[in-house]
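Reviewing the structure listed below.
The residues of the chain are indexed from 1 along the displayed sequence. Every number for a ligand or one of its atoms is a count from 1 in the order of the listing.
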Amino acid sequence: MSEQLQEYEGALDRGLEGVVTCTTSISTIEGTTLLYRGYTIEDLAANATFEEVIYLLWYGWLPTRRELDEFCTDLHHSMALPPESFGWFHGLPTRVHPMDFLHAVIAGLTLHDPDANLVNAAATLRKSTRLSARVGTIVTAYQRVRSGQWPLQPLPEKSIAWNFLYMLKGEEPDETTVRRFDTCLILHADHELNASAFSARVTSSTLSGLYSSVMAAIGTLKGPLHGGANEQVARMLLEIKSPDRLENWLDNTLRSGEKIMGFGHRVYKEGDPRAKILKRMSQEITRENGHPELYEMSVRLEELMQAKKGLIPNVDFYSASVYYSMGIAIDLFTPVFATSRIAGWCAHVLEQYQNNRIYRPRGKYVGPTGEAYVPIDER
Ligand code: COA
């Protein structure tokens, strides 16, 4: 082992738990709450809009009315996709996972963005605006195309949350659903050095542009141990079917060594503040929309997981029954997460560029040494 690696001996930290890799002033977990730029998630979820939160994450302060109006004009006019992209929707396969489709379309957008490979702050902000506005448009367009419908154009005088629901369903959404969906977007917008934000930072640390960083983050979010968990939670609840089957199902699943999606967290051990807000929303919306059994099963599962494993529900647990009750297709749950988290990824890339140093950790080598090459015919 090299001298330098010996120096690191004992510092091996699988999964980088407890490793601090950068300074950040975007968001942090403080005790049992989450702060975006110093504001608690409870305060923002109750009072702010998603657009204000995006501004807060990127600029560091809550916008004045004038700042917000200017920002929204720019952001909302960016929601429409460039006309050339509509051809792709009818050329790309429509039986793929929507996260893969999102990835492919963002790769396509890179080719048409004159700022694509610029890494200065102004260009990164311009791209952040375009991309953050467009993720929801791509996701909803995919849903319509795969259902044999023509994608709808966003209405720039309306919010991202309003437009997402409108473009998805083809009708104007009601105010309560828009407010709830907007709250979901706020809750998912950033979360310190989560795996996808870290991916975005690693990619941007090579001075690769925002698009590459966001694509790295999308790939990371997709996995079931990260953002992909919300989709799995819905499938799990539907598989269990009824509260009386739950304990049996849980015991069998835990015995088989499988993880229960939507439970556990690397940092929160006492409870995820986002899950608490989503739990209340789930109780209301599942009752109103005719799926009360989903909430009942979720609460029972929460009690049993606490008793049997000491594990808490995370953000992906109650969001599943919320999105399901909103009539959103299950495989769009993670793309909904991306529609929000794009705001955080962009904030992290902007911050990374301000004080960049390439991420380049070491691996503790445990493979063989001293091997000599054997010609192929002698092996
Ligand atoms: N169901 C069952 N057991 C779980 C579990 C879950 N959801 N989450 C953690 N555990 C168990 C692990 O099996 C492990 O047990 P062991 O020590 O006996 O091997 C222990 O708890 C520690 O888990 P680990 O995977 O090392 O924790 P982590 O900090 O690396 O991972 C998560 C955190 C979130 C990835 C993990 O809890 C998980 O996979 N949860 C399910 C997926 C999910 O909901 N992801 C969304 C996160 S917001």
Side-chain angles (χ1 to χ4, degrees), residues 12-21 27-29 32-34 36 41 45 99 184-200 217-240 246-279 282 294 297-324 330-331 333-342 344-345 348:
L12 174 66
D13 208 329
R14 285 178 67 243
L16 300 180
E17 184 170 2
V19 174
V20 177
T21 63
S27 70
T28 189
I29 294 165
T32 54
T33 193
L34 165 65
Y36 292 169
I41 194 68
M99 286 297 277
C184 292
L185 296 181
I186 292 172
L187 295 176
H188 288 81
D190 195 45
H191 204 221
E192 206 214 41
L193 265 251
N194 61 89
S196 56
F198 185 55
S199 278
I218 287 176
T220 308
L221 184 76
K222 182 182 144 191
L225 297 188
H226 188 10
N230 55 11
E231 172 178 343
Q232 300 310 324
V233 170
R235 298 197 189 286
M236 170 180 80
L237 293 174
L238 294 178
E239 184 198 324
I240 300 171
L246 208 151
E247 187 155 10
N248 214 0
W249 176 91
L250 180 63
D251 287 341
N252 288 337
T253 310
L254 287 176
R255 211 172 300 121
S256 73
E258 270 181 62
K259 281 185 167 174
I260 311 299
M261 291 295 122
F263 282 92
H265 199 273
R266 175 61 68 77
V267 186
Y268 299 115
K269 300 300 170 202
E270 301 302 318
D272 180 330
R274 303 163 301 171
K276 287 182 190 140
I277 299 169
L278 287 163
K279 183 177 181 179
S282 168
L294 288 183
M297 281 196 287
S298 303
V299 171
R300 184 73 189 122
L301 198 51
E302 178 180 350
E303 289 164 0
L304 290 170
M305 281 297 280
Q306 182 60 255
K308 291 177 194 275
K309 297 287 292 181
L311 289 172
I312 51 114
N314 56 50
V315 71
D316 293 310
F317 188 61
Y318 284 101
S319 61
S321 47
V322 167
Y323 298 152
Y324 190 84
I330 294 176
D331 64 357
F333 291 6
T334 312
V336 168
F337 196 151
T339 302
S340 160
R341 186 57 62 87
I342 176 91
W345 296 331
H348 281 277

Considering all heavy atoms, the nearest [X]-[Y] contact:
X      : Y      : result
Pro313 : Asp272 : O-CB, 3.6 Å
Ile277 : Leu187 : CD1-CD2, 3.7 Å
Leu34  : Ile29  : CD1-CG1, 4.3 Å
Gly228 : Thr334 : CA-OG1, 3.4 Å
Thr21  : Phe198 : OG1-CE1, 3.8 Å

Can you tell me if [X] uses its side chain to pair, donor with acceptor, with the backbone of [Y] under 3.5 Å?
X      : Y      : value
Arg341 : Leu221 : no
Thr339 : Pro335 : yes
Ser298 : Leu294 : yes
Ser282 : Val322 : no
Ser199 : Ala217 : no

Do you see a protein non-hydrogen atom under 4.0 Å from [atom]?
atom                    : answer
atom 21 (O) of ligand 1 : no
atom 11 (C) of ligand 1 : no
atom 45 (N) of ligand 1 : yes
atom 8 (N) of ligand 1  : yes
atom 1 (N) of ligand 1  : yes
atom 16 (P) of ligand 1 : no
atom 25 (O) of ligand 1 : yes

Nearest non-hydrogen protein atom, atom 4 (C) of ligand 1: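 For atom 4 (C) of ligand 1, the nearest protein heavy atom comes out as Leu311 CD1, 3.3 Å.
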
What protein heavy atom lies closest to atom 34 (C) of ligand 1? Include the residue and the distance to one decimal.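 Minimum-distance protein heavy atom for atom 34 (C) of ligand 1 reads Gly264 O, 3.6 Å.
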
Given His188, which of Tyr36, Phe333, Phe337 fulfils the ring pair (Phe, Tyr, Trp, His ring centres under 6.0 Å) condition?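 Testing His188 for a ring pair (Phe, Tyr, Trp, His ring centres under 6.0 Å) against Tyr36, Phe333, Phe337 leaves exactly one candidate, Phe337.
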
List every atom of ligand 1 that sits less than 4.0 Å from any heavy atom of [X], numbering the atoms from 1 in the order shown and giving each element.
X      : result
Lys309 : 3 (N)
Gly262 : 43 (C), 44 (O)
Arg266 : 28 (P), 29 (O), 30 (O), 33 (C)
Ala229 : 43 (C), 44 (O), 45 (N), 46 (C)

Report yes if some N/O of [X] lies less than 3.5 Å from some N/O of ligand 1; otherwise report no.
X      : value
Leu254 : no
Phe263 : yes
Asn314 : yes
Leu225 : yes
Lys259 : yes

Test of ring centre spacing under 6.0 Å for His265 and Phe317: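 No, the ring of His265 stays outside the 6.0 Å limit from the ring of Phe317, centre to centre.
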
Measuring from non-hydrogen atoms of Pro224 to any atom of ligand 1, is the shortest distance under 4.0 Å?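 Pro224 counts as a contact of ligand 1 under the 4.0 Å cut-off.
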
